[in-house]
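Positions are given from 1 along the sequence.
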Amino acid sequence: RTTACFGLMFALVHGFTVPSNNRCFVFPPSSLFIQKVDEASDLVAGQLNQDTLLREELILEGKDDTQMLDTKTNENTGEHDLIDQFIDLVENIDQGKLSNDEIMLLRSTMQDLAVGKQEDPEENAKKLDILLNRLLDEFVQAAQSGNESRIKLLDPSAEEFLLTMKAWLKIGDKSAARKAAEIFFEQEEIFDSTGLCTPTSDTIQVAIDALALSRERGADRKAKALVDRLSKFNVSPTPQIFTSLIASMARDKSRGSCFRAEQILEEALEIFPPDVDEDGVYTGMTVDAFNIVLTGWAKSDRNDGPERARNLLLRMEAVDANREILKPTVQSFTSLIDAYAQKNTWEGACEAERTLNALLREYLELKDESLEPNIATFGIVLSCWSRVSKRGSTDAASKADKLLMRMEDLFQSGRLSFGPDAIAYVTVLLACVNSKNKIEAPIRAVEILDETNERYLDGDDSFKPSAKSIRAVIEAFVKSGRQDASFKAEEVFKKYDEYLLQEEDDKIVNDIFQSMIFGWGKNCDPGKAHEVLVEMIDRNLKPDSFCFDRVIEAYTLEEAANLGQIKEVFELMENCSANGDLEPNERVYTSFIRALTKAKVASLGQKAWVILERMKMLYELGNKGIKPTVFTYNAVLHACVEAMSDDATENLETFKVALKAFNTLVEDDERLDHVTYGNMLRCSALLPQGSQREAVIATIFDRCCRNGFINSYVIRDLVLVANEELWRDLCQCSEGEINTKSLPAAW
C-alpha cells in the first residue's frame with residue numbers, strides 16, 4: 001500500500017486550500033491523479049487481500065476536479081463524513097492488521113477531532129475513544145508478537161490519552177466524567193506493566209477534575225491517592241493539581257469532605273504560598289482554590305456552614321495581607337451569601353441580604369467593577385426569600401419584592417450594569433403566590449406576571465410568561481379565600497389563554513383547568529365549573545375524576561340540586577371513560593349517589609344499588625380505583641333512608657337493598673363506622689312497626705356495641721326509630737336522657 005494512498009487520504013481529510021477573493025476553496029484531487037494511484041495499486045494488487053482492496057477503494061474516493069466547495073461547508077460535512085468513514089474502516093480491519101500509514105492517519109485524526117468544531121461533544125468523545133482503543137489493541141498485539149519496530153510505532157502517548165479524557169470531560173455530566181477517569185486508570189495500568197505512556201501533570205490534573213465531577217462515592221479518596229502517587233510518575237505537584245484535588249473533596253457529599261478540602265488547602269498554601277514573581281505573574285495557590293472550598297461549605301447542609309465560609313473568607317484576607325493576590329472576588333462573596341441562603345430560614349435570608357448589601361456598598365463606594373455583584377448573587381437571595389415564603393413567613397414575599405425593585409432602580413440609575421432577568425421576576429412571583437398573605441400577595445403576583453408580559457411584547461423573548469407562571473397565579477387566587485377569587489383567576493386565564501394554547505405540556509394546562517373548576521365549585525357556582533369542564537373536553541384535554549366530582553358536588557350543594565345538569569356531567573364522564581381518556585374513581589360515583597339522593601329521584605334505593613353494582617363490575621374488570629369503600633356503602637344506605645315513602649311494599653324493597661348493602665360490607669370484612677350503623681338503624685324504619693322491626697333494631701345495635709361504635713349520633717338514630725321501651729332497654733337506661741359517658745366503655 002503506497003504512500004500515495006496515505007497522502008490522498010490526508011488530502012481528503014484536510015483539503016488543499018488556496019485563497020481567492022478573501023475566501024478559501026478546497027480543490028479535491030483530480031480524476032487523473034486518482035487514476036494514476038489506481039494504476040499504482042494494481043501493480044501490487046497481488047500482494048493485497050480483499051480487505052485491503054476495499055480499504056483502498058474508500059481511500060481513493062474523490063470528486064471531479066472542476067468542483068469547488070466552500071471550506072466551511074467542507075469542514076462541517078465532508079471532513080466529518082470522511083472521518084466517520086475512516087473510523088468505520090478501522091473498526092472493520094482485523095486486530096494487528098493496520099498499516100503504518102493507517103496508524104499515522106489514526107493519530108492525525110485524533111488530533112483533528114480534538115481541535116475541530118464539535119457540534120456534538122458526546123459523539124466526538126466516542127470517536128476519540130474508538131480510535132484510542134484501537135491504537136491500544138494494536139499496541140498489545142505488537143507487544144505479544146515481539147515486533148520491536150511496530151511497538152515503537154504504536155507506543156501510545158500521554159497526549160492521546162489526554163485528548164480523549166478531555167473530550168469526555170467536556171460533556172460535563174457525571175457518567176462522562178467517570179469515563180474520563182477510567183481512561184486515566186487504564187493508562188496507569190499500561191505504565192505499571194510496561195513503563196511506557198507515562199502520565200503527565202496535565203493528564204493527572206484532568207483525571208482529578210474528572211473524579212471531582214463524577215460525584216462518585218470515594219472519588220475524593222481516589223483523587224488523594226493519585227496525588228500521593230505523583231512521584232511514581234516522576235511528576236511534581238503543582239498548584240493546579242492541588243486545586244483540582246481540593247475540588248474533588250469539596251464537591252464530595254460525604255461527612256467531613258469540606259474539612260478535608262480545607263485541610264488540603266492549608267497544606268497547599270504551605271507548599272505554594274501565593275506570590276507575584278518579578279514579571280508580575282501570580283504564582284502559588286490562587287483565589288480559585290478558596291472559592292471552591294467556600295462553595296463546598298455553602299452546599300454542605302451543615303449548621304455551621306455559613307460560619308465556616310465566613311471564617312475562610314477572613315483567612316483569605318489574612319493570607320493576602322493587602323497584596324491583592326488573594327483578594328476575595330464576587331464569587332467568594334456569592335458563595336458566602338449562598339451559605340446563609342441554604343439555611344432556608346428567616347435569619348439565614350436576612351444574613352444573606354446583609355452580606356449582599358455590604359458587597360453592594362463596597363462596589364458603589366469604591367467603584368471597583370470587579371466587585372459588582374452578578375445576577376446569580378441577587379438570584380440566590382431572591383430564591384432564599386421565595387423558599388422562606390413557601391415555608392410560611394408572611395413578610396418574605398415583600399422582602400423579595402423590595403430587592404427586585406432595588407435591582408431595577410440601580411440598573412435604571414446606571415449604578416448596576418444589569419437589571420433583573422426573567423428568572424428574577426418569576427422567583428419573586430413564586431414568593432408572592434406562596435405567601436401566607438393570601439389577600440394581597442396574589443394581586444402583586446398578577447402585577448409581576450403582567451410586567452413580564454409587557455417586556456415580552458416589547459421584544460425580549462426571555463420574558464414570555466410561561467404556563468407554569470400562569471398556573472401559579474391562578475392557583476394562588478383559587479386558594480386565597482378572596483370573595484372575588486374565581487373571577488380574578490378567570491381574568492388571568494382569559495388574558496393569557498393565547499399562551500396556554502401554545503403550551504405543549506398538557507399536564508400544566510390540565511392543572512389550570514382543574515384549579516378553575518375547583519375555584520368555581522368552592523364558590524358555589526356549579527354552572528361556571530360545568531362550563532370550564534366542557535371547555536376542557538372541547539380542547540381535547542383529559543379531565544380526571546376529580547374534575548367531574550367537583551362539578552357534581554357543587555351542583556349537589558345547591559339548595560335544589562339540578563338533576564338534569566348532574567346527569568349531564570355524569571354522562572360526560574362516562575363518555576370520557578368509554579373513550580379511554582380516564583378511569584373513574586370511587587369518589588365520583590359516590591358523589592353521584594349522593595346527588596341522586598339530594599334530588600330524591602324515584603326508586604332511589606334501587607338506583608343507588610345499580611350504581612354500586614356497576615362500580616363492583618368495573619373494579620373486577622381492572623379499574624382498581626373504583627372499588628366501593630365504606631363511604632360508598634354509607635351513601636347507598638343513606639339513599640335508602642331518604643327513599644322512604646307511604647308505599648309499604650316499596651319501602652320493603654328498599655329495605656332489602658339496604659340489608660344487601662350492609663351484609664356485603666360485613667361479608668367483605670370492610671371496616672364499618674358509626675355512620676354505617678346509624679344509617680342502618682334508620683333504614684329499619686322502612687319496616688312496619690312490630691316485632692320484626694324491633695328485632696332488626698336490636699340486632700344492629702348489638703353489633704354496633706360489640707364493635708365499639710356507639711356515640712351520640714348512633715344514640716340519636718336509635719331513639720329516632722325505636723320505641724322508648726326498646727331504646728331504654730337496649731341502653732340500660734331506666735329514666736332520663738341517655739348519657740353516652742355512662743354507657744359501658746367497650747361500646
Side-chain angles (χ1 to χ4, degrees), residues 442 446 449-450 453 456 464-480 484-558 561-592 594-596 599 611 614 618 623 625-626:
V446 171
L449 184 65
D450 290 343
N453 187 45
Y456 167 66
K464 181 180 179 180
S466 69
K468 289 183 179 179
S469 296
I470 298 166
R471 175 180 65 183
V473 174
I474 288 174
E475 288 180 350
F477 274 117
V478 170
K479 297 174 183 177
S480 68
D484 61 350
S486 292
F487 294 98
K488 289 290 185 183
E490 187 177 48
E491 285 177 10
V492 176
F493 175 80
K494 288 181 177 179
K495 182 172 183 177
Y496 293 100
D497 192 26
E498 178 185 352
Y499 299 142
L500 298 179
L501 290 169
Q502 300 168 13
E503 177 58 43
E504 295 180 358
D505 188 347
D506 286 346
K507 184 183 183 307
I508 297 175
V509 184
N510 257 10
D511 290 345
I512 291 172
F513 274 89
Q514 286 181 0
S515 292
M516 297 287 291
I517 290 169
F518 178 83
W520 287 119
K522 185 179 177 182
N523 287 344
C524 300
D525 194 336
K528 293 289 287 185
H530 194 168
E531 287 177 15
V532 176
L533 177 64
V534 171
E535 184 177 356
M536 194 177 183
I537 295 170
D538 288 344
R539 290 198 187 191
N540 293 321
L541 296 171
K542 292 179 172 55
D544 59 12
S545 292
F546 168 84
C547 298
F548 293 97
D549 177 61
R550 292 303 302 182
V551 180
I552 290 173
E553 198 172 79
Y555 275 123
T556 305
L557 291 173
E558 286 190 308
N562 190 326
L563 185 60
Q565 296 295 335
I566 292 170
K567 286 183 176 179
E568 183 179 321
V569 174
F570 192 78
E571 287 170 4
L572 269 176
M573 185 199 68
E574 291 280 80
N575 290 336
C576 289
S577 176
N579 293 333
D581 293 332
L582 88 156
E583 283 193 333
N585 62 17
E586 168 272 331
R587 179 168 173 166
V588 68
Y589 271 82
T590 300
S591 291
F592 187 55
R594 290 172 180 152
L596 295 179
I611 295 170
R614 175 164 172 73
L618 291 173
N623 183 356
I626 205 170

To check you understand the geometry: which heavy-atom pair defines the closest contact between [X] and [Y], and what is its length?
X	Y	answer
Thr590	Glu586	OG1-OE2, 2.7 Å
Leu582	Ser545	CD1-N, 3.7 Å
Ala554	Pro526	CB-CB, 3.6 Å
Asn623	Pro584	ND2-O, 2.8 Å
Leu449	Ser469	CD1-CB, 4.1 Å

Any side-chain heavy-atom pair of [X] and [Y] under 4.5 Å:
X	Y	answer
Lys495	Asp450	yes
Asn510	Met536	yes
Pro543	Phe513	no
Leu596	Leu563	yes
Leu572	Val551	no
Asp497	Leu501	yes
Arg614	Glu574	yes
Ser591	Thr556	no

Output the distance between atom [atom1] ([X]) and atom [atom2] ([Y]), rounded to the nearest 0.5 Å.
X	Y	atom1	atom2	answer
Asn562	Glu568	CG	CD	9.0 Å
Tyr499	Asn453	OH	CG	3.5 Å
Met573	Leu533	CE	CG	11.0 Å
Phe570	Asp549	CZ	CG	11.5 Å
Ile552	His530	CD1	NE2	9.5 Å
Leu500	Lys494	CG	NZ	13.5 Å

When you check the gap from the basic side-chain N to the acidic O, do Asp505 and Lys468 get nearer than 4.0 Å?
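Salt bridge: no.
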Glu503 bridged to Arg471 by N-O distance under 4.0 Å
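Salt bridge flag = no for Arg471 with Glu503.
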Exam field: side chain [X] to backbone [Y], donor-acceptor pair closer than 3.5 Å:
X	Y	result
Asn585	Arg587	yes
Asp544	Cys547	yes
Ser515	Asp511	yes

Determine whether Val532 and Phe493 satisfy the following criterion, side chain to side chain contact (heavy atoms under 4.5 Å, CB included), listing intermediate values before the conclusion.
CA-CA 11 Å; Val532 176; Phe493 175 80; over 6 Å; no
Side chain to side chain contact (heavy atoms under 4.5 Å, CB included) between Lys528 and Ser486: does it pass, once the steps are laid out?
CA-CA 10 Å; Lys528 293 289 287 185; Ser486 292; over 6 Å; no
Take atom NZ in Lys567; do more than 12 heavy atoms of anything else shown fall under 6.0 Å from it?
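Open: at most 12 neighbouring heavy atoms sit under 6.0 Å from NZ of Lys567.
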Is the count of non-hydrogen atoms from other residues, nucleotides or ligands lying under 6.0 Å from Gln502 atom CD greater than 12?
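More than 12 within 6.0 Å, yes.
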Can Phe487 and Phe477 be said to form a ring-ring contact (aromatic ring centres under 6.0 Å, His included), step by step?
CA-CA 9 Å; Phe487 294 98; Phe477 274 117; over 10 Å; no
With side chain to side chain contact (heavy atoms under 4.5 Å, CB included) as the test, would you mind laying out the steps for Phe548 and Cys576 before giving the verdict?
CA-CA 11 Å; Phe548 293 97; Cys576 289; 4.0 Å; yes
With Glu535 via salt bridge (charged side-chain N to carboxylate O under 4.0 Å, His left out) - residues at least two apart
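Glu535: salt bridge (charged side-chain N to carboxylate O under 4.0 Å, His left out) contacts with Arg539.
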Using the six-membered ring wherever Trp is involved, compare the ring planes of Phe546 and Phe518 and label them parallel, tilted or perpendicular (cut-offs 30° and 60°).
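Taking Phe518 first and then Phe546, their aromatic rings lie parallel (interplane angle under 30°).
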Among Glu490, Met516, Lys479, exactly one meets side-chain contact (heavy atoms from CB on, under 4.5 Å) together with Ile474. Which residue is that?
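Going through the options one by one, the only one that passes is Met516.
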